Visitor: 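Here's a structure for you.
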Amino acid sequence: MDSVIVQLPERAEGRSHQSAEPGRPELLRLAPGDTVDFGRGTPETPVPLMLDDPAVSRRAGQITATEDYWRLSNFSQTSTYAVENLEGAGEHIRVSPGRIGAPVPFEFSRVVLPGVDKESSFKVFATEHVFQDGEPPPFRGEPTLSPFALDPTSKYFLVLLALCEPRLRNASSSAVPGVGDVLERLHALEGCRELTRSAVNFHIDYLASVKLRLRSDETPPNRWGGGKRDELIAFALRFDLVRESHLALLPTADGR
């Protein structure tokens, strides 16, 4: 039974694994306990997962499959590897040089290694995560409160969504939309046609101080600068307060 599937990058000369069908990606299937090395390899000692970039070590790392997740070892002494959550919004982990057996919790991942001209990468698909069926029996006492009560129908939520949109659409994006960008994005919505720059700034302050509680009356006024929007984005995405499914609330490319 496969627990991890590795999708290899485009075929390179000298790769030793068996070719896939034409038009289909090449896959390596790993059962629990299996390992696969990746890197540049050598003609005499190829590795199963070859990455053709002179900045990638000959034996750059190793993937180890387990029952419901996988581990990544970084054999490089100088390069940090990134593992991106393909279902997340910029969520990723960093695996430092020399780190052995770093657990990767993502179901769909992209492993990224720095390269000379461009990054090298490959995808890893783990076993589908298991979730509890229904709710556990409740304990007696006061009901649990929601830590962040956000209303998806509100304008402040749309402002937050417009701020997070670039990273929701592209996990590797570091874009931080400005107030003008948010205005332009939301003006096509019927309820936002009268939105102004001052109103957008108000909603950003409201999110930071009241809804997400990133600042208080004691927060130094010079702490934020241009970083307030960036911190809002990072916080909202870290706790899944806005998700890819929420993008349907925004107008499409043709403004509808």
Side-chain angles (χ1 to χ4, degrees), residues 1-12 17 20 23-32 34-39 48-53 56 60-74 76 79-96 99 101-115 118-131 160-177 230 233-250 252-253:
M1 174 182 177
D2 300 331
S3 69
V4 169
I5 297 174
V6 181
Q7 179 178 319
L8 282 73
E10 293 183 5
R11 184 174 178 81
H17 59 77
R24 291 181 175 271
E26 295 178 284
L27 305 176
L28 293 177
R29 301 180 181 273
L30 308 181
D34 287 349
T35 64
V36 60
D37 288 347
F38 60 88
L49 202 173
M50 293 187 67
L51 302 171
D52 300 320
D53 191 293
V56 175
Q62 184 180 81
I63 290 172
T64 302
T66 67
E67 292 289 345
D68 55 1
Y69 68 101
W70 55 282
R71 294 180 178 272
L72 177 66
S73 295
N74 181 353
S76 170
S79 295
T80 294
Y81 304 158
V83 185
E84 299 173 346
N85 180 6
L86 295 179
E87 293 186 309
E91 186 181 15
H92 68 280
I93 61 174
R94 292 186 294 270
V95 182
S96 302
R99 176 72 159 92
V104 179
F106 310 139
E107 189 174 341
F108 302 105
S109 309
R110 186 169 78 109
V111 180
V112 183
L113 286 69
K118 61 179 181 178
E119 61 193 22
S120 297
S121 66
F122 56 90
K123 295 177 182 177
V124 181
F125 306 96
T127 305
E128 183 177 359
H129 292 171
V130 177
F131 296 90
L160 181 61
L161 180 58
L163 287 172
C164 297
E165 183 183 16
R167 297 190 200 179
L168 284 172
R169 296 193 184 279
N170 181 359
S172 62
S173 173
S174 59
V176 179
D230 196 6
I233 294 167
F235 189 88
L237 297 180
R238 182 183 307 144
F239 292 103
D240 277 343
L241 304 182
V242 291
R243 303 180 180 88
E244 191 174 351
S245 59
H246 289 130
L247 292 174
L249 298 173
L250 296 175
T252 57

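Small disclaimer: the values here were computed from a predicted structure and weren't measured. Side chains are part of it too, since the values below use all heavy atoms of this structure and drop only hydrogens, waters and symmetry mates.
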Visitor: Taking it one step at a time, do V6 and L30 satisfy side-chain contact (heavy atoms from CB on, under 4.5 Å)?
Guide: CA-CA 8 Å; V6 181; L30 308 181; 4.3 Å; yes
Visitor: Hey, what do you get for CG (D53) to OG (S120), rounding to the nearest 0.5 Å?
Guide: 4.0 Å
Visitor: What's the shortest heavy-atom distance between F125 and Q7, and which atoms?
Guide: CE1-OE1, 3.7 Å
Visitor: If every non-hydrogen atom of C164 is compared with every non-hydrogen atom of V242, which pair is closest and at what distance?
Guide: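 What the structure gives for the nearest pair is SG-CG2, 3.6 Å.
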Visitor: Measuring from atom CG of N85 to atom CG of L237, what distance do you get when rounded to the nearest 0.5 angstrom?
Guide: 11.5 Å
Visitor: Answer yes or no: is there a side-chain heavy-atom contact under 4.5 Å between Q62 and V36?
Guide: no
Visitor: Just wondering, do V83 and F106 contact through their side chains at under 4.5 Å, heavy atoms?
Guide: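 Yes, close enough: below the 4.5 Å cut-off.
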Visitor: Nearest 0.5 angstrom please: S109 OG to W70 CH2, how far?
Guide: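 Reported value, rounded in 0.5 Å steps: 5.0 Å.
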Visitor: Test your reading of the model: is there a side-chain donor-acceptor pair from D37 to the backbone of P48, 3.5 Å cut-off?
Guide: no
Visitor: Decide yes or no for L250 and E165: does some side-chain heavy atom of the first lie under 4.5 Å from some side-chain heavy atom of the second?
Guide: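 When only atoms from C-beta onward are counted, E165 and L250 do touch, with a gap below 4.5 Å.
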Visitor: Hey, are the side chains of E119 and R110 touching, using non-hydrogen atoms and a 4.5 Å cut-off?
Guide: yes
Visitor: For a quick test of reading the model, state the closest non-hydrogen atom pair linking P9 to S121 and the distance between them.
Guide: CB-O, 3.7 Å
Visitor: Just so I know, are the side chains of L161 and L168 near enough to count as touching, which here means a heavy-atom distance under 4.5 Å?
Guide: yes
Visitor: Do L28 and I5 have side chains that approach each other closer than 4.5 Å (heavy atoms only, starting at C-beta)?
Guide: no
Visitor: Do T127 side-chain atoms and S3 backbone N/O form a donor-acceptor pair below 3.5 Å?
Guide: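 Yes; at least one donor-acceptor contact below 3.5 Å.
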Visitor: What's the spacing between D230 CG and R167 CZ if we round to 0.5 Å?
Guide: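 If I round to the nearest 0.5 Å, the distance is 5.0 Å.
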Visitor: Would you confirm whether S96, through its side chain, and R99, through its main-chain N or O, come within 3.5 Å as a donor-acceptor pair?
Guide: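 Side chain of S96 to backbone of R99, a donor-acceptor pair under 3.5 Å: no, none is there.
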Visitor: Before you tell me yes or no, could you show the steps for T35 and I63 under side-chain contact (heavy atoms from CB on, under 4.5 Å), namely the whole-Å CA-CA distance, both residues' side-chain angles and the distance that decides it to 0.1 Å?
Guide: CA-CA 5 Å; T35 64; I63 290 172; over 6 Å; no
Visitor: What's the shortest heavy-atom distance between I233 and L163, and which atoms?
Guide: CD1-O, 3.3 Å
Visitor: If you round to the nearest 0.5 Å, how far is CZ of F38 from CE of M50?
Guide: 13.5 Å
Visitor: Once rounded to the nearest 0.5 Å, what's the spacing between atom CG of N170 and atom CD of E84?
Guide: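 N170 atom CG to E84 atom CD measures 8.0 Å (nearest 0.5 Å).
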Visitor: Return yes if some donor-acceptor pair links the side-chain N/O of Y69 with the main-chain N/O of E107 below 3.5 Å, else return no.
Guide: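 No; judged by distance alone, with no hydrogens or angles, the pair does not exist.
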Visitor: Please examine the side chains of V124 and V111, heavy atoms only from C-beta on, and report whether any two atoms are closer than 4.5 Å.
Guide: yes
Visitor: Is any side-chain heavy atom of V104 closer than 4.5 Å to a side-chain heavy atom of I93?
Guide: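 They are in contact (side-chain heavy atoms under 4.5 Å apart), so the answer is yes.
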Visitor: Of the non-hydrogen atoms in A65 and V4, which two are nearest, and what is the gap between them?
Guide: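 Between these two residues, the closest heavy atoms are CB-CG2, 3.8 Å.
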Visitor: Could you tell me which non-hydrogen atom of P166 sits nearest to which non-hydrogen atom of A175, and how far apart they are?
Guide: CB-CB, 3.9 Å
